[in-house]
Structure formats: structure tokens, C-alpha cells
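Here, residue 1 is the first one in the sequence, and each next residue gets the next number. Predicted model, so just to flag it, every value in this text is computed and none were measured.
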Amino acid sequence: MDLADVARNFEDAANRRNTVRLRERGWLPRLTGYAGWGSVHAAKVLARATGNGFDLGTQFK
């Protein structure tokens with residue numbers, strides 16, 4: 001196993017633990033869409049997933 005594999009496994013495990021902790025604290029994923037491209041047969045859309053510290057649906061209640 002190469003050093004890059006060890007580093008990737010470590011980073012994946014840390015991301016899994018952090019995701020669980022942040023969701024327990026109320027953080028939710030938020031998708032931001034970008035313009036895409038395509039043709040008559042297919043379309044490609046780009047998006048970025050970011051953490052959002054509050055629920056947008058309940059912030060004004």
C-alpha cells in the first residue's frame with residue numbers, strides 16, 4: 001500500500017466522522033448549482049455541496 005493510499009484512507013475516515021458530528025449539530029448539506037452544458041442527447045450540470053449551519057426552512061419561524 002502506497003503512502004497516497006494511507007493518506008486517502010485517513011482523509012476519508014476523518015470526513016466520515018466530521019459529517020456525522022456536523023449533522024448531529026444541525027448542519028445540513030446545501031447544493032449550489034452552476035450553469036452546465038449539453039446537447040440534444042445529454043446535459044451536464046455542475047454543483048458544489050457545502051455545509052450550511054442552519055436549516056433555511058426554519059430560520060424565519
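- Considering only heavy atoms from C-beta on, L46 comes within 4.5 Å of W37 through its side chain.
- Atom CG of L22 and atom CG of L28 lie 10.5 Å apart (nearest 0.5 Å).
- Inter-residue side-chain proximity for E11 and N15 is flagged as met; some heavy-atom pair is nearer than 4.5 Å.
- One finds the CZ atom of R16 at 11.0 Å from the CG atom of N18 (value rounded to the nearest 0.5 Å).
- Environment of CZ in F10: sparse, with no more than 12 heavy atoms of neighbouring residues, nucleotides or ligands closer than 6.0 Å.
- The 12-atom threshold is not exceeded at CG of L3, counting heavy atoms of other residues, nucleotides or ligands nearer than 6.0 Å.
- The nearest pair of heavy atoms linking Y34 to V45 is O-CG1, 3.9 Å.
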